[in-house]
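Taking it in order: structure first as structure tokens, then the write-up.
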Amino acid sequence: MFEMSIAFRHINSHRRQTLFSVISVALSVAIIIVSISMLNGFMENIIDSTVENQAHTTVFPKENEDEIYLYHGLEDYLTQQEGVLAVSCYYQGEAALQYRHNVEGIVLSGIIPENEDRVLNMEKDIIAGKLESLVIPGNNIILGSKLAQNLEVDIGDTVTAQVPGTSPTDFKITGIIRTGTPADETSAYGNLRRVQDLYNSGDIITGIGIRISDIYSAEMLANTIDRQTDYDAVSWIELNSEILTLINTQKQFVVIFYIMIFAISGFSIANILSMIVMEKVGEIGMLLAMGTTRRSILCIFLLEACILGMIGVLVGCVIGYIFCLVIVSITIPVPPEMYFGLDHLPLLITPQNFIIAGSFSMIINLIAGIQPARKASKMDPVEAIHSV
Amino acid sequence: MSDKKKIKIRDLTKIYGDGVEVRALDGVDLDIEKGEFIAIIGPSGSGKSTLLNMIGILDTPTSGTILLDGVDVTTASQKQRSKIRNQKLGFIFQYHHLLPDFNAVENVMMPLLINGIKKSKAKKIACEMLEEVGLYDRANHRPNQLSGGQNQRVAIARALANNPDIVIGDEPTGNLDSKASDIIYDLLRKLNKEHDQTFILVTHDERMADKTDRIIRLVDGKIVENSKVE
């Protein structure tokens, strides 16, 4: 294929100029690979921490009711649903917690620790004390780390819980939990039976948390439960719709920047090709005189755009990968309050990032090559030959 | 008789310009026999190059017909014109227009590759052609490593690579000194005799024109002389 060899020779004869356009394509690809990896890593991290610290689907009381009565039947029904790994019933109420002069408003959850651990992997977040301390319905309590800090308490201290309409009750701190979420500032956990007693509620609960195998089927499960029972089931996706929408909106904005970055590298390809076309006017005229079809001329210059683009993309992928590895290895710290509790830039390096950045770049480079290639193919051979 | 006439031009007219009309060719009739070695001469702007571009189907006339082997090429499609140019015509211009990024043999191979001939066969033919123009030993030299005369000889080898019926030369010696011009002229004449190909040359050089078979003199787009050289 003579078109290919002409295209290669043209590029080879403009090494310095082509080097610059290859660098610009490579850098744009590398930047976008790093950017996609960051965004995906960020999203995955947010989802992970959300999903890890929240039930995948939560069942709340029926409409106009505050509690779930006779919940054992519902618990059995939920356990039998497809994909359900664990269910955990809890009673949640508001309370005030006092230690000496410090008072904090809290959300007190009564749980069955082994079930709650299966749904939320609580055990791994316990930084002091033991989760099993809540197995027996005694006056034991586990506090969120921030809450403990604010109350200036530690394991073994006794705090006083005040629930409206009841007399104050002392609880012994038997554990501290840190999930890395804002819940650490307001959450406290006790034994389910003990908390029910505290609220004088009898054997009722306020919600059931469910863990499932495929987190993205949470919405479907919630819909099924909604349909088949009168209870209100909400998936983690619905509960966190705000943050997920925020990330998706951010993704759309980022795409605009990607297109702009690629356009810049596309212009550098268009620039070098225009230069080659201008320089090779006589040559193009002679090729036409020798019987080269206009299509072949078009093909020669599009091939040049492809070759330049391809080299740029390959180099860009390598640079992008190295950038990613460097960023992962140095762990750039970021302020957690701004990044939903993340304290470093997470990167998710997947082959898709490279494929997306590479293919987008190739498409834009080809589009950039069309104009100069068309210009070359439309030349008048007589004018072209005599222009030299 | 008409079959033997390789080129038959009838009432060929080319008008350039919008607004101010310039008649580059004005009702030209011309028959050229196979194997002829013809010079088209005339002052600047007389229409010689225009006539040559028409015969080489690089340009289209405003009116009139050009029959190559009985086929009217003025109405041919772009693709057909490319094919005819590649297979039936060879071009030599004042400037050699060799591809600077390719060496001599690769340049000569180019029309063969465009014609779809395999690389190995194309190389063999190209080497033979270079041998014929006396540049086989320079086969691997690039145009910038060859002299003006040598480059023009490579351009001749390239023009003849596809064994065309008609070779068109637009001032092929215009850039060369008289010694190099003579070498090129003798080479063209030798090839014309050996291959029985039609050569049509546009030239300013009356001395060279006198060495051809026939002289066509154009003035203001009209043929004013069409005479055999004695």
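Labels below follow one simple rule: chain letters A, B, ... track the order of the sequence lines, proteins then strands, and each chain is numbered from 1. Note that these values count all heavy atoms, side chains included, but never hydrogens, waters or copies made by symmetry.
- Contact of A/Ser5 with chain B is made through backbone and side chain together, with heavy-atom distances under 4.5 Å.
- Of all residues spanning residues 73-97 of chain B, those with a heavy atom less than 4.5 Å away from chain A's heavy atoms are B/Gln78, B/Ser82, B/Arg85, B/Asn86, B/Phe91, B/Phe93, B/Tyr95, B/His97, arranged by number.
- Heavy atoms of A/Met286 lying under 4.5 Å from chain B belong exclusively to its side chain.
- Of the atoms belonging to B/Asp170, it is side-chain heavy atoms, and not backbone ones, that fall under 4.5 Å from chain A.
- Proximity to chain B among residues 350-384 of chain A is limited to A/Asp380, A/Pro381, A/Val382, judged by heavy-atom separations below 4.5 angstrom.
- Under a cut-off of 6.0 angstrom, the local environment of CE in A/Met43 is crowded, with over 12 non-hydrogen atoms contributed by other residues, nucleotides or ligands.
- Annotation: the span from B/Leu112 atom CG to A/Phe2 atom CZ amounts to 11.5 Å, rounded to 0.5 Å.
- At least one side-chain heavy atom of A/Leu287 sits less than 4.5 Å from a side-chain heavy atom of B/Met110.
- Scanning residues 250-285 of chain A against chain B with a 4.5 Å heavy-atom cutoff picks out A/Lys280, A/Gly282, A/Glu283, ordered by number.
- Contacts with chain B (heavy atom to heavy atom, under 4.5 Å) involve these residues of residues 9-19 of chain A, listed by number: A/Arg9, A/His10, A/Ser13.
- Crowding of B/Asp72 atom CG: a count of heavy atoms from other residues, nucleotides or ligands under 6.0 Å exceeding 12.
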